[in-house]
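Counting from 1, the numbers follow the sequence of the chain as shown.
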Amino acid sequence: MFRTSLRRAATAAAAGLALAAAAPTATAAPTVTAAPVTVGLTLTGPDGVLFAGEVTTTGHTVTPLTGDAHPCDGTNNGANPTAGATPTAALDDAADQHGLDWDGVWYASFEDYLVTEIDGHAQTADFFYLIEVNGTATPVGGCQFLVEEGDEVAFTWTGI
């Protein structure tokens with residue numbers, strides 16, 4: 001009796017697999033990518049402006065100097081329901097396009113970076129990089145905050 005039940009179950013499972021294999025496969029929904037935005041970006045280090053100019057960016061996987069790449073598209077840590085451009089993504093694009101480098105520490109609990117170095121200027125016990133958008137410090141990290149077309153983004157060397 002037990003063997004017969006097992007055989008029936010195996011036959012039913014095989015039939016189900018055959019039907020699933022014969023069924024047409026659903027095509028994956030296209031990935032929706034937010035349109036690129038152009039922002040003004042200013043990077044200021046201890047000796048003055050390191051970079052100032054326009055950067056066209058989208059939310060994307062960013063790669064700091066140490067190579068610890070992670071997504072940075074505004075959906076980090078559930079901050080926004082849809083992806084878009086972020087301050088740290090703009091920093092990453094500026095670094096790629098203009099021969100700069102940046103580094104940061106990834107905090108998994110926030111799904112965000114703390115930017116610790118820009119173009120060789122590392123934070124210290126007394127100074128760090130403050131992220132501002134349109135003159136206001138961001139209330140969340142640079143991978144969680146969405147920027148819009150024409151925003152002014154700044155990473156500024158700031159004393160504690």
- Item | Atom pair OG1 (T63) and CG (D96), whose distance is rounded to the nearest 0.5 Å | 7.5 Å
- Query: Roughly how far, to the nearest 0.5 Å, is CG of D101 from OG1 of T66?
  - Reply: 10.5 Å
- Item | pair F145-T86: side-chain heavy atoms closer than 4.5 Å | no
- Who passes side-chain hydrogen bond (donor to acceptor under 3.5 Å, both in side chains) against T75, sequence neighbours left out? D73
- Task: Would you give the length of the straight line joining atom CG of L146 to atom OG1 of T82, rounded to the nearest 0.5 angstrom?
- Result: 6.5 Å
- When you check the side-chain N and O atoms of T57 and D93, is any donor under 3.5 Å from an acceptor? yes
- Message: In the structure I gave you, are the side-chain heavy atoms of V147 and V153 within less than 4.5 Å of one another anywhere?
- Response: yes
- In the hydrophobic clustering that connects Ile, Leu, Val, Met, Phe, Trp and Tyr at side-chain heavy-atom distances below 4.5 Å, which members other than I160 occupy its cluster, ordered by chain and number? F128, L130
- Query: Rounded to the nearest 0.5 Å, how far apart are CG of L65 and OG1 of T116?
  - Reply: 9.0 Å
- Any side chain to side chain donor-acceptor pair (under 3.5 Å) pairs touching residues 149-160, not counting sequence neighbours? N134-D151
- Check against side-chain contact (heavy atoms from CB on, under 4.5 Å), L114 and Y129: CA-CA 8 Å; L114 170 63; Y129 285 98; over 6 Å; no
- Listed once per pair and sorted, the ring pair (Phe, Tyr, Trp, His ring centres under 6.0 Å) pairs that draw on residues 36-67, sequence neighbours left out: F51-H98
- Taking it one step at a time, do Y107 and D112 satisfy side-chain contact (heavy atoms from CB on, under 4.5 Å)? CA-CA 6 Å; Y107 288 92; D112 215 328; 5.9 Å; no
- Query: Which residue pairs pass the disulfide (SG to SG under 2.5 Å) test when at least one of the two sits in residues 51-152, sequence neighbours left out?
  - Reply: C72-C143
- Message: Any heavy-atom pair between the side chains of T44 and L50 that's under 4.5 Å?
- Response: no
Per-pair distances, 0.1 Å, donor-acceptor, side chain in residues 117-124, under 3.5 Å, sequence neighbours excluded:
unit_1	atom_1	unit_2	atom_2	d
T124	OG1	D126	N	3.1
T124	OG1	F127	N	3.0

- Query: What closest approach, in Å, do Q97 and V55 show between heavy atoms, and which atom pair accounts for it?
  - Reply: OE1-CG1, 4.4 Å
- Note, W106 side chain near P64 side chain (heavy atom, < 4.5 Å): no
- Are there more than 12 heavy atoms of other residues, nucleotides or ligands under 6.0 Å from atom CD of E54? no
- Message: side-chain contact (heavy atoms from CB on, under 4.5 Å), that's the test. Do L43 and L100 meet it? Break it down for me.
- Response: CA-CA 10 Å; L43 308 175; L100 305 169; 3.7 Å; yes
- Task: Find out whether W102 and V115 are in side-chain contact, i.e. whether some heavy atom of one side chain is under 4.5 Å from a heavy atom of the other.
- Result: yes
- Message: Measuring only between side-chain heavy atoms, which start at C-beta, is F155 closer than 4.5 Å to L41?
- Response: yes
